[in-house]
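Read the structure below first, then the notes.
Note on naming: letters A, B, ... go to the chains in the order of the sequence lines (proteins, then strands), and numbering restarts at 1 for each one.
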Amino acid sequence: MKNTIKPLSTKPVKLSEKNKDFFDLVYQVVRLVPYGRVTSYGAIAKYLGSARSSRMVGWAMNASHVQKGVPAHRVVNRNGELTGKMHFSSPDEMQQLLEAEGIVIVDDTVIDFDKLFWDPVKELGFE
DNA sequence: AAGATGACGATTG
DNA sequence: CCAATCGCCATCT
């Protein structure tokens with residue numbers, strides 16, 4: 001799997017305007033996740049109005065690692081599992097970043113996920 | 001052009 | 001509770 005966004009490449013960004021918007025929105029929402037809290041792909045998808053396109057959120061996150069200020073480690077799946085840890089520079093980086101924020105993780109799963117869960121729809125309101 | 005893939009999620013058996 | 005399936009939709013091969 002190659003990155004679609006290659007800012008350092010001669011190849012231009014290969015994203016349509018529509019997707020660019022979607023990516024930006026995802027980044028913005030993720031950036032709003034408070035320190036020590038987490039959210040899910042589905043929650044973001046729902047907030048963006050595409051409740052059934054959580055996979056696209058995951059895809060957006062895949063490209064987010066080239067962005068700055070996007071705490072991708074605060075985004076886990078609906079069970080609080082660190083499903084995207086393998087996509088970090090180091091497989092353990094995601095967990096370490098979360099633990100550094102006081103989040104307890106056991107077996108790649110966030111403990112008290114329901115308490116730490118930050119739902120953009122609920123916190124920011126529906127648009 | 002067609003089928004496979006995936007940082008997902010909900011449902012069903 | 002675990003496994004199989006389906007819906008979703010941009011990308012990749």
| Distance in angstrom units between A:Leu25 CG and C:dA10 P, rounded | 15 Å

| query | Are A:Glu101 and A:Arg74 ion-paired here, with the side-chain N under 4.0 Å from a carboxylate O? | reply | yes

| query | Taking CD from A:Glu81 and C1' from C:dC2, how many angstroms apart are they, rounded to a whole number? | reply | 13 Å

| On a whole-Å scale, what distance lies between the C1' atoms belonging to C:dC2 and B:dA7? | 22 Å

| Whole-Å gap separating P (B:dG6) and CG (A:Asn62) | 11 Å

| A:Val70 versus A:His65: any side-chain heavy-atom pair under 4.5 Å? | no

| request: Give the rounded distance in Å between these two atoms: OH of A:Tyr41 and P of C:dA10. | output: 19 Å

| request: Measure the shortest side-chain to side-chain distance between A:Ser64 and A:Val30 over non-hydrogen atoms and say whether it is less than 4.5 angstrom. | output: no

| query | Hey, are the side chains of A:Leu116 and A:Ile103 touching, using non-hydrogen atoms and a 4.5 Å cut-off? | reply | yes

| request: Could you tell me the separation between the CZ atom of A:Arg78 and the P atom of B:dA7, rounded to a whole number of Å? | output: 17 Å

| query | Which of these nucleotides, B:dA7, C:dC9, B:dG9, is closest to any side-chain atom of A:Thr83? | reply | B:dA7

| query | Nearest-Å distance, NZ (A:Lys85) to P (B:dA7)? | reply | 14 Å

| How are the rings of A:Phe23 and A:Tyr27 set to each other: parallel, tilted or perpendicular (split at 30° and 60°)? | perpendicular

| request: Starting at NZ of A:Lys46, measure out to OG of A:Ser53 and round the result to the nearest 0.5 Å. | output: 14.0 Å

| note | Separation of B:dA7 atom P from A:Tyr27 atom OH, nearest Å, is 15 Å

| message | If you only use heavy atoms from C-beta on, which nucleotide in C:dC9, B:dA7, B:dG9 is closest to the side chain of A:Met61? | response | B:dA7

| note | Regarding the side chain of A:Trp59, the nearest nucleotide among C:dC12, C:dC9, B:dA10 is C:dC12

| note | Here the distance between atom P of C:dT11 and atom NE2 of A:His87, to the nearest Å, is 16 Å

| request: Group every Ile, Leu, Val, Met, Phe, Trp and Tyr by side-chain heavy-atom contacts under 4.5 Å, then state whether A:Leu98 and A:Phe88 land in the same group. | output: yes

For nucleotides 4-7 of chain C, list the nitrogen or oxygen atoms of the protein found under 3.5 Å from its nitrogen or oxygen atoms, one pair per line.
| unit_1 | atom_1 | unit_2 | atom_2 | d |
| --- | --- | --- | --- | --- |
| C:dG7 | O6 | A:Arg55 | NH1 | 2.8 |
| C:dG7 | N1 | A:Arg55 | NH1 | 3.4 |

| message | Heavy atoms only, 4.0 Å cut-off, all strands: where does A:Ala72 land among base, sugar-phosphate and nothing? | response | base

